[in-house]
Amino acid sequence: MAWYRGATRMELQPESDAQPAIRPTQFIVHSIVAPWTAQRLHEYWKGSTLESHFGLGYEGDLAQYIGTETRADANAAANRRPDGTGAVSIETASNTEASDLWTDKQVEQLIRLGVWLHQHHGIPLRICRTHDDPGYGYHRLHREWAVSGTACPGDARVQQFRDVVFPGIVARARASSTPAPAAPPQEETMPHVLSESEPDGPTLTAGTWVELPAARDSAILRGPCVYDVAVGYRLLQTRADKGLRLRFVHVDIETRRRSRALEIDVPTRDRETYVHVSRRGALPAGQYLKVEALAEDGAVVAHRVLDGLYWPA
C-alpha cells in the first residue's frame with residue numbers, strides 16, 4: 001500500500017488490512033456535506049460501511065485513512081473493477097448544502113495530492129472520459145460512480161474543479177517534470193543476484209491462502225532493499241477449470257501486519273501447471289517479502305525457483 005507524506009496518517013482498521021488491493025488509475029473528489037475536520041471524518045468512517053482514502057478539512061488539514069493501493073468504498077463501481085484497477089477518493093469538508101467553493105487551503109491540498117498521484121501511480125493528466133477511463137474526476141461525473149445518483153460535490157465545486165483544481169494539477173505536474181540538469185556520472189551500485197532452485201513445497205488447501213516459501217528460505221528477501229524478482233513453481237494435481245491466484249506480500253517482522261500487492265490470476269492446466277510471476281518494489285527495513293497462493297481446488301508444489309536482483313538500501 002502507498003501512503004502520501006503530505007497527509008497525516010489515520011489508518012482505518014480492519015478495512016486497511018482486510019480490503020483487497022487495487023491498481024490506482026483514477027482520482028475522484030467528493031464533498032462530505034458537513035463542515036468537518038479530517039479528524040472528524042476519521043471518526044465518522046470508523047462507524048461506517050463506506051470510506052474514502054483521504055479526508056480534507058476547510059483549513060487544509062489532510063488525512064489518509066487507507067493506502068492508495070487498497071480498495072476504499074466511496075465510489076460504487078469505481079472502487080475496484082474486475083481487472084483490479086480502482087479509484088483513489090477524497091472527501092472534502094463543505095457546508096450542509098454542498099453549495100460552497102473549496103477554500104484556498106483546500107484547493108492547494110487537492111492540487112498537491114493530484115500531482116503526487118500522477119507522479120507516484122501514473123494517473124494520466126486528463127478528466128475521465130468514461131467511468132473506467134484513467135484520469136481525474138468528481139463524484140457525479142459518471143453515474144457508475146454512485147449507486148443511486150448524486151449531485152456531489154455540488155455545482156460550485158464542479159465548476160471550480162474544471163476551472164481551477166484540475167488545471168492546477170496539470171500545470172504543476174508538468175512544471176515539476178521539467179528535466180533537471182544532468183548530474184555528474186557516478187559509479188552504479190552493483191545489485192546482488194538471487195538464483196535458487198529447490199524441490200518440493202507445501203500442499204495448497206482449497207480456498208485458503210497459503211504462504212509459498214522461497215527456494216532456500218521462508219522469505220524471499222528482508223528489507224531494506226529495492227528488488228526485481230521472479231518466482232516459479234511446478235504444481236501438481238491442478239485442474240484447468242479451477243483457478244489459481246498468487247500475490248506478493250510485505251510482512252512486518254515485529255507486528256506481523258501484511259501489505260498485499262495486487263492478486264495475479266494464473267492459468268492452470270489439468271494435472272500439472274507451471275507458474276511464473278514477477279514483481280518490482282521497495283522493501284522497508286523491518287519487513288520481508290513473501291508469496292501467497294490461493295487454489296480453488298488445491299494443488300501440490302513440486303518445485304520452487306527464485307531468480308532476481310536486489311539492491312540493499
Side-chain angles (χ1 to χ4, degrees), residues 3-16 18-19 22 24 26-68 70-80 86-117 127-128 131 136-166 168-169:
W3 295 89
Y4 173 50
R5 292 185 179 181
T8 301
R9 182 166 173 171
M10 301 181 187
E11 191 168 3
L12 283 172
Q13 289 294 355
E15 291 86 352
S16 185
Q19 294 181 170
I22 63 169
Q26 295 173 326
F27 181 39
I28 300 177
V29 181
H30 301 245
S31 287
I32 193 65
V33 197
W36 290 347
T37 64
Q39 178 66 50
R40 177 66 183 88
L41 276 163
H42 177 254
E43 295 168 0
Y44 174 74
W45 290 136
K46 286 195 294 185
S48 173
T49 57
L50 299 176
E51 72 285 321
S52 285
H53 292 91
F54 294 90
L56 176 61
Y58 274 132
E59 294 301 313
D61 45 307
L62 178 66
Q64 184 173 358
Y65 312 125
I66 292 180
T68 52
T70 299
R71 188 195 74 201
D73 292 331
N75 312 290
N79 294 334
R80 187 181 191 273
V88 174
S89 53
I90 184 170
E91 291 286 353
T92 61
S94 72
N95 62 26
T96 54
E97 290 80 34
S99 60
D100 57 345
L101 293 169
W102 285 300
T103 66
D104 290 344
K105 292 179 179 178
Q106 285 179 307
V107 168
E108 176 62 21
Q109 291 285 36
L110 289 171
I111 291 174
R112 289 183 181 182
L113 177 56
V115 171
W116 180 80
L117 290 168
I127 294 177
C128 300
H131 71 94
Y136 295 73
Y138 42 86
H139 196 194
R140 81 183 197 195
L141 180 60
H142 297 291
R143 61 180 178 82
E144 291 87 353
W145 295 355
V147 174
S148 302
T150 181
C152 174
D155 293 342
R157 292 187 176 187
V158 167
Q159 194 64 44
Q160 191 181 20
F161 178 88
R162 290 183 171 274
D163 293 345
V164 179
V165 175
F166 181 68
I169 293 171

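All values below come from the heavy atoms of this structure, side chains included, with hydrogens, waters and symmetry mates left out. Keep in mind that this is a model prediction, so the values were computed, not measured.
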Donor-acceptor contact present, side-chain [X] to main-chain [Y], <3.5 Å:
| X | Y | answer |
| --- | --- | --- |
| H139 | W145 | yes |
| E51 | D73 | yes |
| H142 | A78 | no |
| Q64 | I66 | yes |
| S52 | F54 | no |
| Y58 | T103 | no |
| N95 | S99 | yes |

Answer with yes or no whether the side chains of [Y] and [X] bring together a donor and an acceptor at under 3.5 Å.
| X | Y | answer |
| --- | --- | --- |
| T70 | Q19 | no |
| E108 | Q106 | no |
| R157 | S31 | yes |

Hey, does [Y] have a side-chain heavy atom less than 4.5 Å from the side chain of [X]?
| X | Y | answer |
| --- | --- | --- |
| C128 | Q26 | yes |
| T92 | H30 | no |
| Y4 | L117 | no |
| I90 | L62 | yes |
| W102 | V164 | no |
| W116 | T68 | yes |
| D100 | S94 | yes |
| I28 | V88 | no |

- Message: Show the nearest heavy-atom pair for residues Q13 and E11, with the distance to one decimal.
- Response: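 Result for this residue pair: NE2-OE2, 3.3 Å.
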Side-chain donor-acceptor pairs of residues 36-43 under 3.5 Å, sequence neighbours excluded:
unit_1: T37; atom_1: OG1; unit_2: Q39; atom_2: N; d: 3.4
unit_1: T37; atom_1: OG1; unit_2: R40; atom_2: N; d: 3.0
unit_1: H42; atom_1: NE2; unit_2: M10; atom_2: O; d: 3.4

- Query: In this structure, which one of Y136, Y138, F27 forms a ring-ring contact (aromatic ring centres under 6.0 Å, His included) with F161?
  - Reply: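 Testing F161 for a ring-ring contact (aromatic ring centres under 6.0 Å, His included) against Y136, Y138, F27 leaves exactly one candidate, Y138.
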- Begin with the C-alpha distance, continue with both residues' side-chain angles, and end with the deciding distance and a verdict on side-chain contact (heavy atoms from CB on, under 4.5 Å) for I111 and F166. CA-CA 7 Å; I111 291 174; F166 181 68; over 6 Å; no
- Query: Taking atom OH of Y44 as the centre, does the number of heavy atoms from other residues, nucleotides or ligands within less than 6.0 Å exceed 12?
  - Reply: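 It does not: Y44 OH has 12 such atoms or fewer within range.
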- Message: Surrounding CG of D104 (heavy atoms of other residues, nucleotides or ligands, distance under 6.0 Å), is the total greater than 12?
- Response: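 Result for CG/D104: open.
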- Message: For K105, is there an ion pair with D61 - N to carboxylate O distance below 4.0 angstrom?
- Response: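 Result for this pair is no, no salt bridge flagged.
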Value rounded to 0.5 Å, distance of [atom1] in [X] from [atom2] in [Y]:
| X | Y | atom1 | atom2 | value |
| --- | --- | --- | --- | --- |
| R71 | S16 | CZ | OG | 12.0 Å |
| L113 | L56 | CG | CG | 9.0 Å |
| E91 | C152 | CD | SG | 6.0 Å |

- Task: Report the residues that fulfil side-chain contact (heavy atoms from CB on, under 4.5 Å) with L101, sequence neighbours left out, ordered by chain and then residue number.
- Result: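 side-chain contact (heavy atoms from CB on, under 4.5 Å) list for L101, sorted by chain: A156, Q160.
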- Give the intermediate values and the outcome of side-chain contact (heavy atoms from CB on, under 4.5 Å) for residues L141 and I127. CA-CA 9 Å; L141 180 60; I127 294 177; 3.8 Å; yes
